[in-house]
Amino acid sequence: MTWLLYGATGYTGRLIARRAVTLGMRPVLAGRSAAKVVPLAAELGLEHRVFGLQEPGAIRRGLAGVESVAHCAGPFTRTALPMAAACVETGTGYLDITGEIDVFESLHAMGGRAAAAGVTLLPGAGFDVVPTDCVAALLAARLPDATQLDLAFLTGGGASPGTVRTAVESAADGGRIRSGGEIRTVPFASRQVRAAFPSGARTVVSVPWGDVSTAYHSTGIPDITTYTAVPAAALAATRVLRLGPLRGAVGGAVGRLVRGPGERALNGTGCEVWGRARDAAGNTVSATLTGPNPYRLTVDAVLRIIERLPGLPDGFQTPSRALGADFAATLDGVEVTMAALR
């Protein structure tokens, strides 16, 4: 299979490209900067293509002869729809590593067109949202009449420039929850819950994570809130960042100051997920997941999914819908534990 890795020179893109070569895979590396793409392709001995995402015709030409695309160039609020639209037009399978709620919803709206074209759209193929989506699906299977879903996560090792930029933008815009089946805007960190992670219980606050979109499409549960641990200083910063000029300055500084986890952090840190579903009668079921560093998990998930993408169902898909609720548990270093129904 010929597949293209767009955004190959970003932090996560480079990790995926190098791991792919180690596994004997031969992706076509692509991006908008020849100065970055050409040296990486030469280093890894791979074919390359250079094109931006502003002109639809250029994207279609860049996808010529390609069966699937792993789209890793953010911010996905600006890049996902142009790439996905070109994939639908050219019959090219699409996955990305977005975590943005609005991107998931926009791609879901494109699902009918994709299905008619015989194309799979599978966003959130990395840490956003494979582990949380699979935990959500497992909980829904155990408690089919669940009406409320809480999902929380912890990560270690630090973040890449792209992840930090996205976090700054989303936090400054406020929080999001799913209520009565509808996505609603609420203050950032307006809810908190005590999450029983494998490493110990932690108080976590509500954040606008991708499962506010995807977990609903995977499970049909109408009320969904997503949480993580946020330091007090970071909570204070979100209020300041609502000022547009300052938000732009912070976003610009990210690329200069943030480099992403080094090898020691990638190998020495992990992630945890906790989920709890409740039905109208008060029955509850919970589950936990432990795994490697989120970027290691993302690389593993993307490379496993890209090989299977041509055989997955057409149209918009979430990871658990396309690959099964147990998919996350098949990834390297991932363990899932289900608690008894209460």
Side-chain angles (χ1 to χ4, degrees), residues 99 101 104 124 126-156 175-181 183-184 186 189-230 269-294 297 301 318-342:
I101 295 167
F104 287 118
F127 183 79
D128 300 20
V129 289
V130 167
T132 42
D133 186 61
C134 288
V135 165
L138 289 169
L139 292 171
R142 183 68 63 87
L143 193 63
D145 295 325
T147 58
Q148 179 184 327
L149 174 66
D150 293 323
L151 292 168
F153 63 93
L154 298 175
T155 61
R176 310 282 284 283
I177 63 169
R178 178 83 67 167
S179 177
I183 296 175
R184 306 185 189 281
V186 296
S190 60
R191 297 181 176 186
Q192 67 177 38
V193 70
R194 193 73 173 167
F197 293 107
S199 63
R202 296 278 297 275
T203 298
V204 288
V205 299
S206 55
V207 295
W209 193 247
D211 295 272
V212 171
S213 170
T214 54
Y216 176 73
H217 299 305
S218 296
T219 69
I221 297 174
D223 294 347
I224 300 171
T225 307
T226 53
Y227 301 85
T228 193
V230 179
T269 58
C271 64
E272 298 180 68
V273 172
W274 168 85
R276 180 180 63 193
R278 185 190 308 271
D279 66 15
N283 299 305
T284 64
V285 63
S286 62
T288 59
L289 176 151
T290 58
N293 178 275
L297 188 151
T318 64
S320 68
R321 278 175 51 185
L323 299 146
D326 292 325
F327 173 68
T330 69
L331 300 176
D332 293 340
V334 171
E335 294 186 7
V336 178
T337 302
M338 294 287 298
L341 182 68
R342 296 196 307 172

Practice task
State, to 0.1 Å, how close Gly126 and Pro131 come at their nearest heavy-atom pair, and which atoms those are.
Solution key: O-CD, 3.8 Å
Exercise for the section: For residues Thr318 and Val129, determine if any side-chain heavy atom of one lies less than 4.5 Å from a side-chain heavy atom of the other. Expected result: no
Exercise for the section: Taking the side chain as every heavy atom from C-beta outward, state whether Asn283 and Leu143 have any atom pair closer than 4.5 Å. Expected result: yes
Practice task
May I ask you to check whether Thr225 and Arg191 show a side-chain donor-acceptor distance below 3.5 Å?
Solution key: yes
Problem - Stepwise side chain to side chain contact (heavy atoms under 4.5 Å, CB included) test for Val334 and Leu289 - result: CA-CA 7 Å; Val334 171; Leu289 176 151; 3.8 Å; yes
Completion exercise
Between Val130 and Ala301 the two heavy atoms that sit nearest each other are CG2-CB, 4.3 Å
Problem - Non-hydrogen atoms of Val204 and Ala152 that approach each other most closely - result: CG2-CB, 4.0 Å
Exercise for the section: Could you tell me whether the side chain of Thr330 and the main chain of Phe327 form a donor-acceptor pair under 3.5 Å? Expected result: yes
Practice task
With the side chain counted from C-beta on, respond yes when Val273 and Thr288 share a heavy-atom pair under 4.5 Å apart, and no when they do not.
Solution key: no
Practice task
Classify the side-chain pair Ser218/Arg321 by whether it contains a donor and acceptor separated by less than 3.5 Å.
Solution key: no
Exercise for the section: Measure the spacing between SG of Cys271 and CZ of Phe127 and express it to the nearest 0.5 Å. Expected result: 4.5 Å
Practice task
Could you verify whether a donor N or O on one side chain and an acceptor N or O on the other, from Glu272 and Ser199, lie under 3.5 Å apart?
Solution key: yes
Problem - side chain to side chain donor-acceptor pair (under 3.5 Å) between Thr284 and Arg276, worked out - result: CA-CA 7 Å; Thr284 64; Arg276 180 180 63 193; over 6 Å; no
Handout entry: Check: Thr226/Asp211 side-chain N/O donor and acceptor closer than 3.5 Å
Key = no
Problem - Side chains of Asp150 and Trp274 in contact at under 4.5 Å (non-hydrogen atoms) - result: yes
Practice task
Indicate yes or no: at least one non-hydrogen side-chain atom of Val336 is less than 4.5 angstrom from one of Leu138.
Solution key: yes
Exercise for the section: Take Ile177 and Val212 through the side chain to side chain contact (heavy atoms under 4.5 Å, CB included) test and state the conclusion after the steps. Expected result: CA-CA 6 Å; Ile177 63 169; Val212 171; 5.5 Å; no
Exercise for the section: Check for a donor-acceptor pair, side chain of Arg176 on one end and backbone N or O of Pro208 on the other, with a separation under 3.5 Å. Expected result: no
Problem - Quiz item: cation-pi between Arg202 and Phe197, 6.0 Å / 45° - result: no
Exercise for the section: Using modelled atom types only, decide if a donor and an acceptor are shared between the side chain of Asp133 and the backbone of Ser320 within a distance under 3.5 Å. Expected result: yes
Exercise for the section: Spell out, as yes or no, whether a donor-acceptor pair under 3.5 Å connects the side chain of Ser286 to the backbone of Ala339. Expected result: no
Exercise for the section: State whether the side chain of Asp145 and the backbone N or O of Asp279 hold a donor-acceptor pair below 3.5 Å, judged by distance alone. Expected result: no
Handout entry: Full working for side chain to side chain contact (heavy atoms under 4.5 Å, CB included) between Leu149 and Leu139
Key = CA-CA 9 Å; Leu149 174 66; Leu139 292 171; 3.8 Å; yes
Problem - Side-chain touch Trp209/Thr132, heavy atoms, less than 4.5 angstrom - result: yes
Handout entry: Shortest non-hydrogen contact from Pro222 toward Arg178
Key = O-CG, 3.1 Å
Fill in the blank from the handout: Between Ala229 and Leu154 the two heavy atoms that sit nearest each other are CB-CD2, 3.7 Å
Practice task
List the atom of Ser213, the atom of Phe104, and the distance in Å for their closest heavy-atom pair.
Solution key: OG-CB, 3.2 Å
